[in-house]
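Protein chains get the first letters and strands the later ones, always in sequence-line order, with residue 1 at the start of each. As the structure is a prediction and not an experimental result, all values here were calculated from the model. Heavy-atom basis, side chains included; hydrogens, waters and symmetry copies ignored.
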There are 2 protein chains.
Amino acid sequence: MNEHVHDTADLTKNQTLVMGALTRSKGPLSAYTILDQLRDNGFRAPLQVYRALDKLVEFGLVHRLESLNAFVACRHPGCDGDDTIAFMICERCGQVNEITDTALAARLKQLAGEASFALKKTTIELRGLCRTCQAA
Amino acid sequence: MNEHVHDTADLTKNQTLVMGALTRSKGPLSAYTILDQLRDNGFRAPLQVYRALDKLVEFGLVHRLESLNAFVACRHPGCDGDDTIAFMICERCGQVNEITDTALAARLKQLAGEASFALKKTTIELRGLCRTCQAA
DNA sequence: GCAATCTTGTAATGAGATAACGTCACACAC
DNA sequence: GTGTGTGACGTTATCTCATTACAAGATTGC
Ligand SMILES: [Zn+2]
Ligand SMILES: [Zn+2]
Ligand SMILES: [Zn+2]
Ligand SMILES: [Zn+2]
């Protein structure tokens, strides 16, 4: 088995349950919301969720949205190789759109380089209204 | 007086105290850290800090760092007009560098436009090591 | 078997943020 | 001057988010 790329078949029981909750959801979920949804599956404590989330984020199956303190299942096929992901978060319907852009990533790397900053992780979160919600 | 641009002279007592704490600090501070620093000035409750912070952020004198749940005094002269600010946060020494870049902002606006996303606020936070901390 | 390692369960606590209430000071109309 | 609206302030309680600490099972490799 590939040791870097994970799919849902590799997951433990708790990881599978948490992944399922996120995949079923239309938008991001907080850890405690996930906990509530999994009470019937034997979840009793936040740590059960957080431990699973840590792994899922590590595997690249889930992204953490810093500005929401919430988590979302990755729906961007092929964001594995890319560590510069921009999230467009609709403040009305909660929908999250995940995009990568080489020009954007290149510009950020350029800026970091000019400042001699050793870039490890980038967080880009755009807040606003999605196409649908602008009409309403 | 200009009704949009604020300087420290416009601030209330609590706002001045919170602004002072942030200005004195080399790096970002959490609301509760600020609270502790201002106990001697009569601060007793988190809300006193949060209320002041809300206003200071609104005035553009302070920025909130989403990935740290912390606040930092603006040290970027002229970031008023620019709503696309990138923060470079050193994970070792905590120093925060604030930069604006027209190419970066333009690309983000472009991407939002292509998705018909009505952009309201952008969060860009780069984590890594500053020049000094890479040597050590 | 046995040790090393990983995963899990549980309780307690720490850290970040807001709700709900009442008070006070001040500007401004009447 | 009295009423009224507005904004800042103080206090308590509560809510949400996240981690520490400790113990117990499961898994793997030898
Ligand atoms: Zn993704
Ligand atoms: Zn929407
Ligand atoms: Zn600034
Ligand atoms: Zn540093």
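In this structure, the CZ atom of B:Phe71 is 10 Å from the P atom of C:dG16, given to the nearest Å. Here the C1' atom of nucleotide C:dT8 and the CG atom of A:Asn41 are 15 Å apart, to the nearest Å. A:Leu53 has its CG atom 15 Å from the P atom of C:dT7, to the nearest Å. The interatomic distance linking A:Phe43 (CZ) with C:dT7 (C1') rounds to 12 Å, in whole Å. If you measure from atom CG of B:Asp36 to atom P of C:dG16, you get 10 Å, rounded to the nearest angstrom. Counting to the nearest Å, the C1' atom of C:dG14 and the CG atom of B:Asn69 are 13 Å from each other. Atom P of nucleotide C:dG9 and atom CG of A:Leu35 are separated by 12 Å, given to the nearest angstrom. For the pair A:Tyr50 OH and C:dG9 C1', the computed distance is 17 Å after rounding to whole Å.
Note on B:Lys120 versus A:Glu91: salt bridge recorded, some NZ/NE/NH1/NH2 to OD/OE distance being below 4.0 Å.
Between B:His63 and B:Phe71, the ring centre distance reaches or exceeds 6.0 Å.
Close to C:dG9, at under 4.0 Å from its OP1 or OP2, lies a side-chain N or O of A:Asn14. At C:dG16, one or more side-chain N or O atoms of B:Ser30 fall inside 4.0 Å of OP1 or OP2 (strictly under the cut-off). At least one side-chain nitrogen or oxygen of A:Gln48 sits closer than 4.0 Å to the OP1 or OP2 atom of C:dG9. Considering only side-chain N and O atoms, A:Arg44 lies nowhere under 4.0 angstrom from the phosphate OP1 or OP2 of C:dA12.
The closest side-chain heavy-atom distance from A:Ile85 to A:Phe87 is below 4.5 Å. The shortest side-chain heavy-atom distance between B:His76 and B:Thr100 falls under the 4.5 Å cut-off. A:Gln37 has its side chain out of reach of A:Leu22: every pair of non-hydrogen atoms, C-beta onward, lies at least 4.5 Å apart. Contact annotation: the side chain of B:Met19 approaches that of B:Val62 to within less than 4.5 Å [non-hydrogen atoms, C-beta and beyond]. Between B:Ile89 and B:Ser67, the closest side-chain pair of non-hydrogen atoms falls below 4.5 Å.
Nucleic acid contact class of A:Arg51 (heavy atoms, under 4.0 Å, all strands): base.
Nucleotides of DNA chain D with any atom under 4.0 Å from a heavy atom of chain A span, from 5' to 3', D:dC17 to D:dA21.
Nearest-nucleotide assignment on DNA chain D puts the 5′-proximal partner with B:Lys55, out of B:Lys55 and A:Leu47.
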